[in-house]
Amino acid sequence: MLDHLIRGATVVDGTGAAARTADVGLRDGRIAVVAEPGTIQEEARTSEDATGLVLTPGFVDPHTHYDAQLFWDPFATPSMNHGVTTVAGGNCGFTLAPLHPDRPEDADYTRRMMSKVEGMALKALEEGVDWSWSSFGEYLDALEGRIAVNAGFMVGHCALRRYVMGADAVGGQPTEEQLARMADLLHGAMDAGAWGLSTTQSSTHSDGDGAPVASRHAGPAELIALSKAVGEHEGTQLEAILAGCLDRFSDDEIDLFVEMTAAAGRPLNWNVLTIDAAVPERVPRQLVASERARRSGGRIVALTMPILTPMNMSLGTFCALNLIPGWGEILGLPVPERIAALRDPAVRAEMLRRADSKEAGVFRRLADFGRYVIGDTYSRENAGLTGRVVKDIAVERGQDAFQCLVEICANDGLRTVLWPMPTDNDPASWALRRETWEHEDVMLGGSDAGAHLDRMCGAPYTTRFLGDCLRGRKLVPLEQAVRMLTDDPARLFGLRERGRVAEGFHADLVLFDPERIEAGPATLVHDLPGDSPRLDSRAVGIVSVRVNGVETVRDDEVTGAIPGRVLRSGRDTRTVSTR
């Protein structure tokens, strides 16, 4: 007997094949049969009529940072609401394990680092996670049986360094013995099911003390040695972030990437490829790394987002503005001193100069303050400004845009919420995106769904992209869009029997209304531990989400079921060799 029968759905199977009408039967968490409508004779415990609805594989999000949130939110909201059934965590070199059992202070260091570098509320990290593990395997075990989505995790290089080197991980270089211990620790994590190694050398990544995170101090020899260790395990990967990911790679960075993937014989993915027609030379330069890797026996995959992710800013709290060269020192001052500095014309002029410099990389786009929209305000002086564009207010007041914005924020004690209008929302940029997506080493992803929660809302990229493909710009047909969200990432990670609607595959499925599929606007809610805030977005048109055959979402409401699995390398992933 079938557990469930979906009748008359328009099946888009994830392979890119043309959509077709079919009945799909589920049994024991897998797809038991896909057949012509009305031809399945086997009885089913439950069934539903899906006429007019689209049935696809569950979406796979390759870059989420859900390492902590899954402990207080096993449903990985809002990602699961938007059809995501498998998430990859342990990104950018940051994980909650391993932790040295004899140094309880390491957990506090990790919490403060994650709060700073990934924008996770410190209260949520303190109150929502029990921090009871030491080894990476124990961390995975702590999630087993208590999550609604499938989840796989890389091992963070920063955690490996901290475990072996202690406080010397920041600023120090490992001895040969320490490097060997790091490799042994990585081997142990992969034996327990870790997907591989993630690392960062990005200049934007600093710990809770403001120092460069541990992996930024690693030299090429250390990175190559750990990459070789990854290649000794089945079903593993590399993920790395370099300073050039934010704009354009240097020759040395390309060399390093190529050496890492070639040493491992495994794919390496990085994020995020920013596509902007105003900077046409960026994409070709970034993809040089992929072309060289293939010639050297490796593979480098660039993640890129198919939507413009809503992201707010503030002069009062840590955000992307702090990452502009020279801005962190000013925006890190106590609020009264910060306001005084920002009101100084000479200081503002120097800030604008640095923001428009080559070293600012992609953050240059944040410096057009006339294009900011005023969000929430908190003072009588700012009454009526919410929703208005700074350029228009500045003209009325006879001020330049940055001066105008500073005065508005100062009236609120710097609490004002600011929404920058994207600079790359023009037809030429969207045409360049469509062209870039065709490259064999470009893949959709980079949502950061579990990070920067009060600043951005990348989780709904799946539904927003599908809505755009069906009723908006229609940059790619539905079948291709679904493949890009499902089979492509599943194949990159070597997921066993996931990513397609096919007999024998795990029943990770999304059923949606093609006339309505979309993501609602980002709204601020306070539902994290400690009443901490985050941006959320409702899923529109999602009728049902199933994970391993069990329904986890119905009409954008979580059912409470937790059928997700911790996906472990080797057992749940096969090797995707680059050789």
Side-chain angles (χ1 to χ4, degrees), residues 60-67 86-98 135-137 139-140 143 150-161 163-164 179 182-201 214-215 218 220 222-242 245 256-271 289 293 297-303 441 443 445-446 489-496 498 566-579:
V60 179
D61 188 335
H63 192 106
T64 69
H65 291 286
Y66 270 133
D67 308 58
T86 298
V87 301
N91 314 107
C92 297
F94 308 122
T95 47
L96 309 189
S135 72
F136 199 84
Y139 165 79
L140 296 180
L143 287 170
N150 304 308
F153 299 89
M154 313 289 280
V155 185
H157 190 180
C158 290
L160 296 177
R161 264 190 154 237
Y163 189 104
V164 172
L179 181 54
M182 264 191 269
D184 287 344
L185 201 59
L186 176 57
H187 282 303
M190 291 185 289
D191 285 340
W195 282 14
L197 175 76
S198 73
T199 187
T200 179
Q201 298 218 328
S215 64
E222 180 179 333
L223 290 164
I224 299 304
L226 295 177
S227 297
K228 287 180 179 177
V230 170
E232 297 177 23
H233 293 260
E234 184 180 0
T236 51
Q237 299 273 321
L238 292 170
E239 186 228 302
I241 310 295
L242 302 177
C245 293
L256 178 58
F257 261 2
V258 171
E259 289 178 37
M260 289 174 65
T261 179
R266 298 288 187 272
L268 180 155
N269 72 80
W270 64 273
N271 112 148
R299 187 185 179 198
I300 295 172
V301 176
L303 302 187
D441 291 320
M443 190 175 77
R491 299 287 75 74
L492 176 69
F493 291 127
L495 298 184
R496 296 180 185 271
R498 297 187 192 275
V566 174
L567 302 182
R568 302 184 188 239
S569 59
R571 184 192 70 185
D572 300 302
T573 64
R574 58 172 56 88
T575 294
V576 179
S577 178
T578 63
R579 299 189 177 110

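What you are looking at is a predicted structure, and each value in this text was computed from that prediction instead of being measured.
In plain terms, the two heavy atoms of Leu179 and Ala225 that are nearest each other are CD2-CB, 4.1 Å. When all heavy atoms are compared, the tightest approach of Ala264 to Ser227 is CB-O, 3.1 Å. Of all non-hydrogen atoms in Glu239 and Asn91, the two that sit nearest each other are OE1-CA, 3.1 Å. Closest non-hydrogen pair, Leu186 versus Ala229, comes out as CD2-CB, 4.1 Å. Contact detail for Arg498 and Ala490: the closest heavy-atom pair is O-CB, 3.5 Å. Residue Leu492 comes nearest to Pro267 through the heavy atom pair CD1-CB, 3.8 Å, listed as atom of the first residue, atom of the second, then distance.
Checking side-chain atoms of Gln201 against main-chain N and O of Ala218 turns up a donor-acceptor pair under 3.5 Å. The main-chain N or O of Gly90 is found under 3.5 Å from a side-chain atom of Asp67 such that the two form a donor-acceptor pair. A donor-acceptor pair is defined here as one N or O able to donate and one able to accept, closer than 3.5 Å; such a pair exists between the side chain of Thr573 and the backbone of Gly570. In this structure, the side chain of Arg266 does not engage the main chain of Leu238 through any donor-acceptor pair within 3.5 Å. In this structure, Thr200 contributes its side chain and Gly93 its backbone to no donor-acceptor pair below 3.5 Å. With hydrogens and angles ignored, the 3.5 Å screen pairs a side-chain donor or acceptor of Ser577 with a backbone N or O of Arg579.
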Between side-chain atoms of residues 150-159 and protein atoms elsewhere (two or more places apart, or another chain), which donor-acceptor pairs fall under 3.5 Å?
residue, atom, partner, partner atom, Å
Asn150, OD1, Asn548, ND2, 3.0
Asn150, OD1, Arg565, N, 3.1
Asn150, ND2, Thr85, O, 3.3
Asn150, ND2, Thr86, OG1, 3.4
Asn150, ND2, Asp508, OD2, 3.1
His157, ND1, Thr199, OG1, 2.8
His157, NE2, Glu222, OE2, 2.7

Open item on the list: Please determine whether side-chain contact (heavy atoms from CB on, under 4.5 Å) holds for the pair Ile224 and Met260, giving the CA-CA distance in whole Å, both sets of side-chain angles, and the decisive distance to 0.1 Å.
Closed with: CA-CA 5 Å; Ile224 299 304; Met260 289 174 65; 3.8 Å; yes

TODO: Go through the steps for Arg491 and Val576 under the test side-chain contact (heavy atoms from CB on, under 4.5 Å), then give the verdict.
DONE: CA-CA 8 Å; Arg491 299 287 75 74; Val576 179; over 6 Å; no

Task: From CA spacing to verdict: side-chain contact (heavy atoms from CB on, under 4.5 Å), Phe257, Leu268 - done: CA-CA 8 Å; Phe257 261 2; Leu268 180 155; 3.9 Å; yes

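We find the CZ-OG distance between Phe94 and Ser215 to be 6.0 Å, quoted to the nearest 0.5 Å. With rounding to the nearest 0.5 Å, the separation of CD1 in Ile241 from OG in Ser198 is 8.5 Å. Distance CG/Leu223 to NZ/Lys228: 12.5 Å, rounded to 0.5 Å. Taken from CG in Leu303 to CH2 in Trp270, the straight-line distance is 8.5 Å, to the nearest 0.5 Å. Considering CD of Glu232 and CG of Asp191, their distance stands at 10.5 Å, rounded to 0.5 Å. Interatomic distance, CZ of Arg161 versus CE of Met182, reported as 5.5 Å (0.5 Å rounding).
Asn269 and Gln237 share no donor-acceptor pair across their side chains, judged by distance under 3.5 Å alone.
A heavy-atom distance below 4.5 Å is found between the side chains of Ile300 and Val258. Here the side chains of Pro98 and Leu160 are in contact, with some heavy-atom distance below 4.5 Å. Looking at heavy atoms from C-beta onward, Pro62 lies in side-chain contact with Met443 at the 4.5 angstrom threshold.
The aromatic rings of Phe136 and Tyr139 lie tilted to each other, with the angle between the two planes from 30° to 60°.
Listed by chain and number, the residues in a side chain to side chain contact (heavy atoms under 4.5 Å, CB included) with Arg568 are Leu140, Asp141, Glu144, Val566, Arg571, Asp572 (sequence neighbours excluded).
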